[in-house]
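Remember, it's 1-based here, ligands and their atoms both numbered in the order they're listed.
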Amino acid sequence: MKPHIRTKTQFDFADIPEATAFEAGYLVSVNSGWRSIRPVIDPARCIGCEQCYLYCPDGVISVQEGKAVIDYDFCKGCGICAKICKAGAIGMEAERK
Ligand code: SF4
Ligand code: SF4
């Protein structure tokens, strides 16, 4: 059987959307109810490198005016952003009701 061969597509950096879930409306419900820990950004340490934005699996991080901003309505609290941040600008804190 022949393997499926994908067509190579060329694209520029400008073709990549600002965030993977650019319109939060693509997700149907706010999930903050089941998150037990949340990432908290220290703006003083954030250097705007966009690594957290690139690695966040839910696309809920954007970089605004050189600082990372998290959409807590759709962040699931996985902590990947905190692991990837070399500047140590993201800490995970317990959710408070
Ligand atoms: S990875 Fe860290 S330093 Fe880079 S934009 Fe995100 S929070 Fe800021
Ligand atoms: S904790 Fe996970 S879902 Fe939330 S902003 Fe960080 S990487 Fe994205």
Side-chain angles (χ1 to χ4, degrees):
M1 192 198 301
K2 274 189 171 180
H4 175 71
I5 299 170
R6 290 186 185 171
T7 313
K8 276 198 170 179
T9 309
Q10 293 288 332
F11 60 87
D12 295 323
F13 194 73
D15 296 326
I16 301 171
E18 275 184 49
T20 48
F22 181 58
E23 294 277 352
Y26 290 147
L27 301 173
V28 292
S29 59
V30 173
N31 64 15
S32 58
W34 51 262
R35 186 180 55 223
S36 58
I37 51 173
R38 64 162 53 196
V40 176
I41 293 172
D42 178 355
R45 299 184 81 166
C46 176
I47 56 173
C49 67
E50 301 185 355
Q51 289 301 301
C52 54
Y53 148 73
L54 289 170
Y55 280 89
C56 173
D58 285 342
V60 298
I61 301 179
S62 56
V63 177
Q64 299 170 19
E65 296 178 2
K67 303 291 177 184
V69 176
I70 296 170
D71 180 354
Y72 288 112
D73 278 353
F74 298 103
C75 163
K76 61 187 174 190
C78 66
I80 290 173
C81 54
K83 286 275 186 193
I84 207 71
C85 178
K86 288 188 169 57
I90 305 179
M92 299 302 290
E93 296 183 4
E95 280 289 342
R96 294 188 191 93
K97 297 271 176 188

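- Those atoms of ligand 2 with a heavy atom of P57 less than 4.0 angstrom away are 7 (S).
- A continuous path of hydrophobic side-chain contacts links I61 to Y55 [ILVMFWY only; heavy atoms under 4.5 Å].
- Below 4.0 Å from some heavy atom of C52 lie the following atoms of ligand 1, by number and element: 1 (S), 5 (S), 6 (Fe), 7 (S).
- Grouping the Ile, Leu, Val, Met, Phe, Trp and Tyr side chains by contacts below 4.5 angstrom, directly or via other members, places L54 with I70.
- Heavy-atom proximity to A87, at under 4.0 Å, picks out these atoms of ligand 1: 3 (S).
- Of all non-hydrogen atoms in I37 and A94, the two that sit nearest each other are CG2-CA, 4.1 Å.
- With rounding to the nearest 0.5 Å, the separation of SG in C81 from CE in M92 is 6.0 Å.
- R38 contributes atom CZ, which lies 8.0 Å from atom SG of C75 (distance to the nearest 0.5 angstrom).
- For ligand 2 and G77, the ligand atoms under 4.0 Å from any heavy atom of the residue are 1 (S), 4 (Fe).
- Atoms of ligand 2 lying under 4.0 Å from at least one heavy atom of V60, given by number and element, are 5 (S), 8 (Fe).
- Taking each heavy atom of V60 and F74 in turn, the nearest pair found is CG1-CB, 3.6 Å.
- The side chain of I90, and not its backbone, has at least one atom closer than 4.0 Å to an atom of ligand 1 (non-hydrogen atoms only; side chain from C-beta on).
- If you take CD on E50 and OG on S62, they are separated by 10.0 Å, rounding to the nearest 0.5 Å.
- Protein heavy atom nearest atom 2 (Fe) of ligand 1, with residue, atom name and distance: C85 SG, 2.3 Å.
- Distance from atom 3 (S) of ligand 2 to its nearest protein heavy atom, with residue and atom name: K76 N, 3.5 Å.
- Residue contact annotation: C81 places no N/O/S atom under 2.8 Å from atom 2 (Fe) of ligand 1.
- Rounded to the nearest 0.5 angstrom, C85 SG and I41 CD1 are separated by 8.0 Å.
- Smallest separation of non-hydrogen atoms from C52 and I90: CB-CD1, 4.0 Å.
- Short contacts between ligand 2 and C56, defined as distances under 4.0 Å to a heavy atom of the residue, involve ligand atoms 3 (S), 5 (S), 7 (S), 8 (Fe).
- With ligand atoms numbered from 1 in the order given, ligand 2 contributes 5 (S) to contacts under 4.0 Å with heavy atoms of I61.
- The atoms of ligand 2 that sit less than 4.0 Å from any heavy atom of C78 are 1 (S), 2 (Fe), 3 (S), 7 (S).
- Checking side-chain atoms of Y72 against main-chain N and O of P39 turns up a donor-acceptor pair under 3.5 Å.
- Contacts of E50 with ligand 1, taken as heavy-atom pairs under 4.0 Å, involve the backbone alone.
- Closest to atom 4 (Fe) of ligand 1, if we only count protein heavy atoms, is C49 SG, 2.3 Å.
- The heavy atom nearest to atom 8 (Fe) of ligand 1, considering only G66, G48, C46, is found in C46.
- Which parts of ligand 1 touch I47 is read off a 4.0 Å heavy-atom cut-off, strictly below it: atoms 3 (S), 8 (Fe).
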